[in-house]
Q: 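This is the structure I have questions about; it appears just below.
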Amino acid sequence: VGGGLLRDAVFLQEIPLVMQDVRYLWAVTAAVLVGALTYRLADRFEQAIGYVDAAATGAYGVYGANKALLAGLAPEAALLVGVCNAVGGGLIRDILVREEPVLLKPGQLFAIAAFAGCLCFVLLSYKYGVDTEHAAWIAIFLTLLIRVLAVRFNWTTRAFGWWHARGDDDPDKRR
């Protein structure tokens, strides 16, 4: 819901879907209740949840990018909207629970995978004229693939500034 709120209210400047249909709010409420009641079981399904989350990241990114393209935004803007739609919910979640947003920490390729999937979708559907549904499935699979490979091979990002060692002005020593 958080990514959709950002997409609709901030970027597309329309009333968010979650505010137009009360069923979204009931679905979120039900999900929170189920999550609270089954929280202890989550450890047993951590890997499966990771795969579902990776696929959902791709789906949210594609949905946001497509909605932006349909609203008449430029492909570059649609790419930004798609990525924000994909990662916005997690960002809002982290802020609401007073944690440093995962998006802002070095770690697994989360936003990069969303970016790659959205870029793939925008290029295939907008630039190359591939059917929207086919482009969406390819982009979702690409996002999932990048996330799974990142977890499997421990591909991670680093904090900005990692190349500049403190007090070391000699570039040859940093290599």
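Note that these values count all heavy atoms, side chains included, but never hydrogens, waters or copies made by symmetry.
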Q: Output all residues satisfying side chain to side chain donor-acceptor pair (under 3.5 Å) with R7, sequence neighbours left out; order by chain, then residue number.
A: N85
Q: Name all residues meeting the salt bridge (charged side-chain N to carboxylate O under 4.0 Å, His left out) criterion together with R98; count only those two or more places apart in sequence or in a different chain, and write none if there are none.
A: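 Testing R98 for salt bridge (charged side-chain N to carboxylate O under 4.0 Å, His left out), a comparison that skips the adjacent residues, returns none.
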Q: For residues 113-127, tabulate all N or O donor-acceptor pairs below 3.5 Å that involve a side-chain atom, not counting sequence neighbours.
A:
from, atom 1, to, atom 2, distance (Å)
S125, OG, F121, O, 2.8

Q: Between atom CG of L103 and atom OG1 of T157, what is the distance when rounded to the nearest 0.5 Å?
A: 9.5 Å
Q: Within this structure, what is the CG-CG distance for the pair L70 and L12, rounded to the nearest 0.5 Å?
A: 10.0 Å
Q: Look up atom OG1 in T156 and atom CZ in F110, then write down how far apart they are to the nearest 0.5 Å.
A: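 So the gap between those two atoms works out to 15.5 Å.
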Q: Can you tell if the side chain of T57 reaches within under 4.5 Å of the side chain of D53, non-hydrogen atoms only?
A: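 They are in contact (side-chain heavy atoms under 4.5 Å apart), so the answer is yes.
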Q: Which residues satisfy the salt bridge (charged side-chain N to carboxylate O under 4.0 Å, His left out) test with D8, sequence neighbours excluded?
A: K67
Q: Could you grab the distance from atom CD1 of I112 to atom CD1 of I146, nearest 0.5 Å is fine?
A: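 Between I112 CD1 and I146 CD1, I get 9.0 Å after rounding to 0.5 Å.
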Q: Can you list every salt bridge (charged side-chain N to carboxylate O under 4.0 Å, His left out) pair that touches residues 22-36, not counting sequence neighbours?
A: D21-R23
Q: Kindly state each residue pair satisfying salt bridge (charged side-chain N to carboxylate O under 4.0 Å, His left out) with at least one member in residues 129-143, sequence neighbours excluded.
A: none
Q: Indicate yes or no: at least one non-hydrogen side-chain atom of T38 is less than 4.5 angstrom from one of L41.
A: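 A side-chain contact under 4.5 Å exists here.
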Q: When hydrophobic residues are tied together by side-chain contacts of less than 4.5 Å, even through go-betweens, does I95 share a cluster with L6?
A: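 No, separate clusters.
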Q: Got a donor-acceptor contact below 3.5 angstrom from the Q20 side chain to the I15 backbone?
A: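 Present.
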Q: If you round to the nearest 0.5 Å, how far is CG of L142 from CZ of R147?
A: 13.0 Å
